[in-house]
Amino acid sequence: MASSEQINQLRALGAATVYEAHGAKGALDHGMKPIDPTVRLAGPALTVDCRPGDNLMLHYAVVKAKPGDVLVVDAKAFMEAGPWGDVLTIQAQKVGIAGLVINGCVRDANLIIELGFPVFCRGLSIKGTGKNQPGSINVPVTIGGVLIHPGDIIVGDRDGVAVVPKDEVDSAIVSSLAREDKEAGQRRAIEAGAMTADLLNLTDTLKRFGLV
């Protein structure tokens with residue numbers, strides 16, 4: 001289980017750095033974005049598999065969630081309903097849930113943003129949902145081409161969402177910190193007059209295409 005310190009490190013490092021440094025794997029597709037681009041999110045996944053247009057399992061997941069959990073909901077990319085809104089947000093914050101990643105839509109976006117609750121989704125829909133269909137929690141789900149297991153660490157910010165398998169947290173942090181150091185060095189070199197083509201050893205490739 002990732003420690004709170006590790007969770008904080010991953011949140012600060014950000015989705016793009018974690019994704020790139022950890023072997024360019026675990027990035028959800030570009031359609032998964034925050035409704036508030038200023039938010040940052042990190043925490044273990046509590047996965048939810050639910051039926052399109054029904055949010056019964058979301059209410060159940062909130063009951064079962066632990067403080068710090070990120071609800072990761074496969075709503076089957078259904079775009080004609082908003083199974084999450086302000087009431088569930090208030091309930092989730094009362095429980096201590098860290099945020100929501102949903103393969104579908106939400107509604108009450110302005111209120112959710114005002115409440116400061118991180119939500120990543122495919123879009124917004126004012127349409128309501130039923131509360132009748134069973135589903136599952138804490139089962140593997142696939143969102144945006146990425147298989148997510150319960151307890152995997154979710155890292156989200158304006159750039160998107162990355163998933164770190166729960167048994168790879170240590171290596172993800174080590175590689176991400178190394179990437180941060182490398183890029184800091186590159187920025188210093190650019191300020192001193194270096195060109196990115198040289199820093200990234202692109203000269204031979206450019207020559208091969210007759211560009212230099």
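Positions are given from 1, in the same order as the sequence printed here.
- Note on Val164 and Val70: separate hydrophobic clusters, where clusters join Ile, Leu, Val, Met, Phe, Trp and Tyr whose side-chain heavy atoms are under 4.5 Å apart, directly or indirectly.
- Using modelled atom types, one side-chain atom of Ser171 and one backbone atom of Glu168 make a donor-acceptor pair closer than 3.5 Å.
- Applying the salt bridge (charged side-chain N to carboxylate O under 4.0 Å, His left out) test to pairs two or more places apart or on separate chains, none has a residue in residues 197-210.
- Ile113 shares a hydrophobic cluster with Ile35, Leu46, Val48, Met57, Leu58, Tyr60, Val62, Leu71, Val73, Trp84, Leu88, Val95, Ile97, Leu100, Ile102, Val106, Ile112, Phe117, Val119, Leu124, Ile137; the chain of contacts runs through ILVMFWY side chains whose heavy atoms sit under 4.5 Å apart.
- Pairs of residues two or more places apart, or lying in two chains, never qualify as salt bridge (charged side-chain N to carboxylate O under 4.0 Å, His left out) while including a residue from residues 186-197.
- Ile190 belongs to a hydrophobic cluster with Leu199, counting contacts under 4.5 Å between side-chain heavy atoms of Ile, Leu, Val, Met, Phe, Trp and Tyr, direct or through other members.
- Heavy-atom minimum distance, Ala81 versus Ser125: N-OG, 3.3 Å.
- In this structure, Leu13 CG and Arg179 CZ are separated by 11.0 Å, a value rounded to the nearest 0.5 Å.
- Among all heavy-atom pairs drawn from Gly156 and Ala15, the shortest one is CA-CB, 4.4 Å.
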* To do: Would you check, one step at a time, whether the test side-chain contact (heavy atoms from CB on, under 4.5 Å) holds for Gln186 with Thr196?
  => CA-CA 8 Å; Gln186 290 174 337; Thr196 55; over 6 Å; no
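- With sequence neighbours left out, the side chain to side chain contact (heavy atoms under 4.5 Å, CB included) criterion links Asp167 to Pro165.
- A donor-acceptor distance shorter than 3.5 angstrom exists from the side chain of Asn55 to the backbone of Pro83, with no hydrogens or angles considered.
- Contact detail for Gly104 and Ala75: the closest heavy-atom pair is CA-CB, 4.5 Å.
- Of all non-hydrogen atoms in Asp108 and Gly85, the two that sit nearest each other are OD2-CA, 3.5 Å.
- With a 4.5 Å cut-off between side-chain heavy atoms of Ile, Leu, Val, Met, Phe, Trp and Tyr, the cluster of Met79 takes in none.
- Not a single side-chain hydrogen bond (donor to acceptor under 3.5 Å, both in side chains) links Lys66 to another residue, sequence neighbours left out.
- Between Leu41 and Val161, the closest side-chain pair of non-hydrogen atoms is not below 4.5 Å.
- You'll find the side chain of Val72 stays beyond 4.5 Å of the side chain of Val163, heavy atoms only.
- Between Gly160 and Phe120 the shortest heavy-atom distance is O-CE2, 4.0 Å.
- Pairs passing the side chain to side chain donor-acceptor pair (under 3.5 Å) check and including a residue from residues 32-50, sequence neighbours excluded, read Asp36-Thr38, Asp49-Lys76.
- Here OG of Ser175 is found 12.0 Å from NZ of Lys182. Values are rounded to the nearest 0.5 Å.
- Every side-chain hydrogen bond (donor to acceptor under 3.5 Å, both in side chains) that Asn103 has, sequence neighbours left out, goes to Asp74, Arg122.
- Of all non-hydrogen atoms in Phe78 and Gly53, the two that sit nearest each other are CD2-N, 3.7 Å.
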Which atom pairs, donor and acceptor, lie under 3.5 Å between side-chain atoms of residues 139-155 and protein residues at least two apart or in another chain?
| from | atom 1 | to | atom 2 | distance (Å) |
| --- | --- | --- | --- | --- |
| Asp152 | OD1 | Lys166 | N | 3.0 |
| Asp152 | OD2 | His149 | N | 2.8 |

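- Through ILVMFWY side-chain contacts below 4.5 Å, Met1 is grouped with nothing and stands alone.
- Asp69 is not listed as a side-chain neighbour of Lys64, based on a closest heavy-atom distance of 4.5 Å or more.
- Once rounded to the nearest 0.5 Å, the distance linking CD of Glu180 with CG of Leu177 reads 7.0 Å.
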Pairs under 3.5 angstrom only: tabulate donor-acceptor contacts from the side chains of residues 126-135 to other protein residues two or more places apart or in another chain.
| from | atom 1 | to | atom 2 | distance (Å) |
| --- | --- | --- | --- | --- |
| Lys127 | NZ | Glu80 | OE1 | 2.7 |
| Gln133 | OE1 | Arg51 | NH1 | 3.0 |

